[in-house]
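Read through the structure below, which is laid out as structure tokens, and then see the notes.
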Amino acid sequence: MTDPEALQASTPLASIRARIAHTATIARRKAEDVTLIAISKTRPAEAILPLIAEGQRVFGENRVQEAEAKWPALQEAYPDIRLHLVGQLQSNKAEEAVRRFDCIHSLDRPSLLTALAKAMDKADRRVPLFLQVNIGAEDQKGGCAIGDLPALLREARNADLPVIGLMCVPPAGIEAAPFFALLAKLADDHGLAGRSMGMSEDFETAMMLGATHVRVGSALFGARG
Ligand SMILES: *Cc1c(COP(=O)(O)O)cnc(C)c1O
């Protein structure tokens, strides 16, 4: 589905932007309705600065500790940067996460919900949340079971947490599209507009199936070492 403009693009970011624009046209969607999150985990600031220079402002990290080391100076220099947490979150890191991040994609259990509600009250800061769903019912994978989603969402709404959508990481090694379609249906069923799905290998497929947030790392920064 890659269009000629993307192949000619001068940088990886320009290429991904062209692919998003092209896919939006095919999907009869607006490219602006899809947020590109540049996943900068494991990348040093020197690798991030060129993307900032090209105008990218939304970044994602998967570990609170790493973000604390890397982002304060960048956030101070570029106050319009928005930082998303896309990795599993331990309840004892909820306070740090609420202060550092502008959006959290990994709410997946009642204990974390309680910790985040407390942290948001304490910081007097409401951070938009995605509920992460273990869409392929895999052992060892983050995300709540599909069967637990209604209760978790009810609890989040009762606690007045700003849940804006659902997030998933489909099983590796098999076609992701059915899982993206399932996440979109669950979001529809629960009246949630946000769908955080799609990575370097499959963000166009995810967009065709309604992704509002795509999380792209290696296609922007190169393979992780
Ligand atoms: C690392 C990561 C990504 C980006 O993966 P790429 O394949 O490098 O694009 C997206 N989402 C999550 C949750 C990740 O941990």
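Start at 1 with the first residue, then count along the sequence. Order of listing sets the numbers, starting from 1, for every ligand and every atom in it.
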Tabulation required: pairs of a nitrogen or oxygen in ligand 1 and a protein nitrogen or oxygen under 3.5 Å; columns are atom names and distance to 0.1 Å; otherwise 'none'.
unit_1, atom_1, unit_2, atom_2, d
ligand 1, 8 (O), S218, N, 2.8
ligand 1, 8 (O), S218, OG, 2.9
ligand 1, 8 (O), R224, NH1, 2.8
ligand 1, 8 (O), R224, NH2, 3.1
ligand 1, 9 (O), S200, N, 3.0
ligand 1, 9 (O), S200, OG, 2.5
ligand 1, 9 (O), G217, N, 2.8
ligand 1, 11 (N), R215, NE, 2.9
ligand 1, 15 (O), K41, NZ, 2.7

### Query
Are the ring centres of F130 and H84 closer than 6.0 Å?
no
Would you mind writing out the side-chain donor-acceptor pairs for residues 135-143 within the sub-3.5 Å range, not counting sequence neighbours?
unit_1, atom_1, unit_2, atom_2, d
E138, OE1, K141, NZ, 2.9
K141, NZ, V169, O, 3.4
K141, NZ, P170, O, 3.3

### Task
Could you tell me which residues satisfy side-chain hydrogen bond (donor to acceptor under 3.5 Å, both in side chains) with R100, sequence neighbours excluded, listed by chain and number?
E68, Q75
### Qualifying salt bridge (Lys or Arg N to Asp or Glu O under 4.0 Å) pairs with a residue from residues 164-189, counting only residues at least two apart or across chains
K185-D189, D188-R195
### Task
Using only heavy-atom distances, determine whether the side chains of R215 and S196 contain a donor-acceptor pair under 3.5 Å.
yes
### Distance-minimising heavy-atom pair for R43 and S218
NH2-CA, 4.0 Å
